[in-house]
S.K.: 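Once you've had a glance at the structure underneath, I'll fire off some questions.
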Amino acid sequence: MRDYLSSQIIAALESMGGAPDAFEVDFQQTNNPDHGDLATNAALQLARHFKKSPRAIADELAAKIDLDPSRISAVEVAGPGFLNFRFAAAHLSTALRGMLDAGPSFGRVDPTGKTAIVEFVSANPTGPLTVGHGRNAVLGDTIATLLESQGFTVTREYYFNDAGRQMRVLGESVRAQYQALVDPSHGRKTIEAAGGERLDVPESFPEDGYQGDYILEIADALKERSGDALLAGDDVDVFKNAAQERILEDIAFTLERMGIRMDSFFNERSVYESNAVWDIVEELRRKDLAYDKDGAVWFRTTAFGKDQDTVLVKSSGEPTYRLPDIAYHIDKLSRGFDRIVDVFGADHIATFPDVLSGVQAMGHSTDGIQVVIYQFVTLVRGGEPVKMSTRKATYVTLDDLMDEVGEDVTRFFFLMRSPNTHLEFDLDLAKEASEKNPVFYLQYAHARIASILRKAEEVGFSLSDDAPLELLVHDAEENLIKEMMRYPAVLARAAESFEPHRLANYLREVAVAFTQFYGNCRIIGESPELASARMLLARAAQGVLAGGLGLLGISAPDKM
RNA sequence: GCCCUCGUAGCUCAGGGGAUAGAGCGUCGGUUUCCUAAACCGCAGGCCGCAGGUUCGAAUCCUGCCGAGGGCACCA
């Protein structure tokens with residue numbers, strides 16, 4: 001429709017002497033029904049060019065423009081010089097027919113052959129996923145789904161590191177618990193935990209060890225499997241590997257529960273095994289972008305606008321996270337994706353530019369790499385924020401959260417806010433909300449439609465594809481159709497800006513429009529023609545709700 | 001001190017440079033002989049943090065300030 005109007009306006013402008021070369025007609029959705037369905041500010045923008053008042057230009061345009069009355073029923077000049085267009089009834093029924101014909105693919109783009117990789121979660125396997133990881137996981141998964149809706153083939157990838165200091169401490173934590181389990185003579189000590197609390201732990205437990213119960217469970221499993229045979233060696237790896245394996249399994253299980261399945265797990269180790277990291281250091285040295293100082297290798301980030309250089313390789317010989325990260329991104333580039341999306345928490349905000357600089361320094365364009373940063377989640381219970389830390393025993397796991405409020409609510413709450421605002425997750429509200437919660441509101445609207453269609457068929461009305469859609473002229477019917485007509489654009493915008501909340505908010509508006517239709521227009525009791533037309537309208541709304549909820553990973557029940 | 005995000009109704013938040021700034025929750029009042037009341041309708045509630053600037057037009061873009069959160073390690 002916009003393309004059509006745009007071409008007609010350009011044609012009218014030609015007869016008025018022509019618009020500037022770069023001129024494009026800009027349309028906006030109106031938010032007041034008095035302003036029609038679509039408005040353009042073209043006359044306002046062209047006032048200077050034509051040296052006339054915006055209203056005069058608008059009047060002239062309105063007079064000269066040639067419009068198909070089956071698509072546009074009226075053009076009005078309003079306000080300072082807006083042109084308001086009103087959709088013809090026939091245009092609405094044509095659009096509704098199109099939605100019904102498209103079925104579940106309405107709003108979606110056919111496969112384009114383009115590919116994307118979305119990297120998300122990427123939590124190191126040191127413990128169960130927490131609420132913070134949850135926002136990452138749901139956001140990343142939904143961004144991937146949205147890209148799929150726009151015709152991309154998407155790879156969901158989890159990047160993890162099992163080599164660093166964290167993992168060593170994890171292994172030592174497990175070993176200490178294991179030693180205490182198999183050897184009763186092993187001593188105890190107390191260490192200070194979060195909030196000054198004192199904790200009783202085995203004597204060999206590391207100062208900054210992991211204190212969760214899962215460490216004990218892993219140690220216990222090792223005892224079951226190997227008895228005290230592991231006491232002899234002094235290798236932590238056996239403990240570390242057991243912990244990692246178990247924790248990754250648990251993580252995959254938690255993700256699965258949220259409807260998330262990763263396509264691949266990329267182990268940081270592989271960029272060491274391929275020697276890629278050391279090649280990068282050499283290359284950067286050659287380009288004078290890396291140098292030695294204080295026994296460490298430094299990356300000249302000042303050449304990329306930073307106020308300090310940063311360390312690539314510690315004096316211990318161990319690289320910092322930056323080096324493998326650079327190698328990993330170069331690896332992703334080499335795999336030929338059209339788009340590369342990284343989903344990071346706000347704590348990475350200062351660090352990913354270094355990684356991108358590194359990729360550029362190696363001679364690659366980073367234009368295809370897009371980084372989505374989301375702000376932190378605060379869990380609120382009883383009006384008080386809940387403190388969280390993976391290492392201390394104070395975190396709330398994602399599984400706990402789902403146990404408490406359910407999978408659908410968990411997903412929706414993570415998705416209903418813009419990624420770049422802090423998310424306050426009110427547990428009391430999410431739970432007690434079985435009445436007021438937007439998730440239930442949407443699901444309820446869907447269930448209600450299913451119920452109406454069931455009931456209508458029971459009493460003898462039938463869904464007929466050739467129902468006379470032109471009978472749908474009630475305001476509530478037209479509003480619902482117009483609302484649904486926006487769906488493809490909303491979806492495209494949500495996908496391109498990586499902002500699933502746009503879809504979540506939009507679905508609510510569809511549900512509101514449907515509910516108004518429901519309140520004003522009945523099916524049972526009307527003439528068979530009108531009833532079947534309304535059934536088709538309801539069916540279309542059901543399709544948009546089910547499709548949208550599906551993209552968000554939320555169920556659309558037929559009964560509640 | 002520097003960097004990033006945010007500041008909109010009592011609370012949580014939407015708002016792609018446009019016309020009279022919206023929703024949910026909360027408050028108050030109303031609606032069920034009628035396809036799902038987990039619903040609907042209505043009232044009240046706003047210097048869009050402050051001050052400048054750009055523009056025909058700014059909650060939206062720019063600058064500065066104030067406030068909140070996060071980040072500024074040879075941790076990741």
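In the text below, chain A, chain B and the rest are named by the order of the sequence lines, each starting its count at 1. What you are looking at is a predicted structure, and each value in this text was computed from that prediction instead of being measured.
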S.K.: Mind checking K306(A) for me? I need base, sugar-phosphate or nothing, with any heavy atom below 4.0 Å counting as a touch.
M.R.: nothing

S.K.: Identify, residue by residue, the members of residues 455-464 of chain A with a heavy atom below 4.0 Å from RNA chain B, and return them in order of residue number, or none.
M.R.: K455(A)

S.K.: For U31(B), measure the glycosidic angle (O4'-C1'-N9-C4 for a purine, O4'-C1'-N1-C2 for a pyrimidine) and name it syn if it falls within 90° of 0, otherwise anti.
M.R.: anti

S.K.: N420(A) has a side chain; which of G18(B), U5(B), A23(B) sits nearest to it?
M.R.: U5(B)

S.K.: Looking only at atom P, what distance separates G22(B) and C3(B), rounded to whole Å?
M.R.: 37 Å

S.K.: Take atom CD1 of I452(A) and atom P of U36(B), then tell me their distance rounded to the nearest Å.
M.R.: 7 Å

S.K.: Looking at R539(A), I'd like to know if its CZ atom is crowded, meaning that more than 12 non-hydrogen atoms belonging to other residues, nucleotides or ligands lie closer than 6.0 Å.
M.R.: no

S.K.: Of the options A37(B), C13(B), G18(B), whose atoms approach the side-chain atoms of Q45(A) most closely?
M.R.: G18(B)

S.K.: Choose from A19(B), G18(B), C35(B) the nucleotide whose nearest atom is closest to any side-chain atom of S451(A).
M.R.: C35(B)

S.K.: Under a plain distance cut-off of 3.5 Å, with no hydrogens placed, do D309(A) and T302(A) share a side-chain donor-acceptor pair?
M.R.: yes

S.K.: Map G519(A) and A78(A) onto RNA chain B by nearest heavy atom, then report which one ends up closer to the 5' terminus.
M.R.: A78(A)

S.K.: Check every atom of A14(B), U20(B), C2(B) against the side chain of S418(A) and return the nucleotide holding the closest atom.
M.R.: A14(B)

S.K.: Take atom C1' in C4(B) and the same atom in G46(B), then report the distance between them in whole Å.
M.R.: 29 Å

S.K.: Suppose you measure atom C1' in A76(B) against the same atom in G15(B); what distance do you get, rounded to whole Å?
M.R.: 36 Å

S.K.: Once you apply the 3.5 Å cut-off to both distances, tell me the Watson-Crick or G-U wobble partner of C40(B), or none.
M.R.: G30(B)

S.K.: With rounding to the closest Å, how many angstrom separate the C1' atoms on C65(B) and U27(B)?
M.R.: 36 Å

S.K.: For U20(B), which nucleotide is its Watson-Crick or G-U wobble mate, given both distances must be under 3.5 Å?
M.R.: none

S.K.: Is it true that E119(A) and K332(A) make a salt bridge, defined as a side-chain N closer than 4.0 Å to a carboxylate O?
M.R.: yes

S.K.: Applying the Watson-Crick and G-U wobble criteria at under 3.5 Å, what pairs with G1(B)? Answer none if nothing qualifies.
M.R.: C72(B)

S.K.: Under 4.0 Å between a side-chain N or O of Q28(A) and OP1 or OP2 of A19(B)?
M.R.: no

S.K.: Using both distances under 3.5 Å as the test, list the Watson-Crick or G-U wobble partner of A58(B), or none.
M.R.: none

S.K.: Can you give one letter per nucleotide of nucleotides 69-76 of chain B, 5' to 3': B if a protein heavy atom sits under 4.0 Å from the base, S if only from the sugar-phosphate, - if neither?
M.R.: BBS--BSB

S.K.: Choose from A19(B), A39(B), A14(B) the nucleotide whose nearest atom is closest to any side-chain atom of T515(A).
M.R.: A39(B)

S.K.: Any luck finding a side-chain donor-acceptor pair between T366(A) and Q360(A) under 3.5 Å?
M.R.: yes

S.K.: Take F517(A) and F514(A), measure what ring-ring contact (aromatic ring centres under 6.0 Å, His included) needs, and give me the verdict at the end.
M.R.: CA-CA 5 Å; F517(A) 159 73; F514(A) 172 78; 5.7 Å; yes

S.K.: For A445(A), answer base if it contacts any base atom (sugar-phosphate contacts may also be present), sugar-phosphate if it contacts only those atoms, and nothing otherwise; contact means non-hydrogen atoms under 4.0 Å.
M.R.: nothing

S.K.: Is any side-chain N or O of Y518(A) closer than 4.0 Å to OP1 or OP2 of A37(B)?
M.R.: yes

S.K.: Using the C1' atom as the point on both nucleotides, what is the distance between A44(B) and G30(B), in whole Å?
M.R.: 15 Å

S.K.: Name the residue closer to the 5' end of RNA chain B, choosing between I449(A) and D26(A) according to the nucleotide with the nearest heavy atom.
M.R.: D26(A)

S.K.: Using the C1' atom in both, what is the distance from G64(B) to G26(B), to the nearest Å?
M.R.: 37 Å

S.K.: Answer yes if the ring centres of Y328(A) and F266(A) are under 6.0 angstrom apart, and no otherwise.
M.R.: yes

S.K.: With distance as the sole criterion, is a donor-acceptor pair present between the side chains of D342(A) and H348(A) under 3.5 Å?
M.R.: no

S.K.: If you look at every strand shown and take non-hydrogen atoms under 4.0 Å, does A47(A) touch a base, only sugar-phosphate, or nothing?
M.R.: nothing

S.K.: Indicate, yes or no, whether a donor-acceptor pair under 3.5 Å links the base of A19(B) to the side chain of N84(A).
M.R.: yes

S.K.: If you take atom types as modelled and just measure distance, does the side chain of R493(A) reach the base of G16(B) with a donor-acceptor pair under 3.5 Å?
M.R.: yes

S.K.: Salt bridge check, K52(A) against D59(A): does any charged N sit closer than 4.0 Å to a carboxylate O?
M.R.: no

S.K.: Hunt down the Watson-Crick or G-U wobble partner of G45(B), both distances under 3.5 Å, from any strand shown, or write none.
M.R.: none

S.K.: Could you tell me which nucleotide pairs with G7(B) by Watson-Crick or G-U wobble geometry, both distances under 3.5 Å, or answer none if nothing does?
M.R.: C66(B)

S.K.: Are F425(A) and F414(A) an aromatic pair, judged by ring center distance below 6.0 Å?
M.R.: yes

S.K.: Does NZ or CZ of R448(A) come closer than 6.0 Å to the centre of the six-membered ring of Y518(A), within 45° of the ring's axis?
M.R.: yes

S.K.: Counting side-chain heavy atoms from C-beta on, which of C35(B), C2(B), C13(B) comes nearest to D307(A)?
M.R.: C2(B)

S.K.: Any cation-pi pair here, R285(A) with Y291(A), using under 6.0 Å and within 45°?
M.R.: no

S.K.: Applying a 4.0 Å non-hydrogen cut-off, can you work out what D558(A) is touching in the nucleic acid: base, sugar-phosphate, or nothing?
M.R.: base

S.K.: Pairing check on C35(B): which nucleotide meets the Watson-Crick or G-U wobble criteria with it, both distances under 3.5 Å?
M.R.: none

S.K.: Between G29(B) and G70(B), how far apart are the C1' atoms? Round to whole Å, please.
M.R.: 44 Å

S.K.: According to a strict under-4.0 Å criterion, is Y506(A) in side-chain N/O contact with OP1 or OP2 of G15(B)?
M.R.: no

S.K.: Go through C35(B), A37(B), G18(B) for me and flag the one nearest to the R522(A) side chain.
M.R.: C35(B)

S.K.: Is a donor from one side chain sitting under 3.5 angstrom from an acceptor on the other, for R502(A) and S418(A)?
M.R.: no

S.K.: Quote, to the nearest angstrom, the C1' distance that separates A38(B) from U32(B).
M.R.: 15 Å

S.K.: Got more than 12 heavy atoms from elsewhere within 6.0 Å of CZ, R454(A)?
M.R.: yes

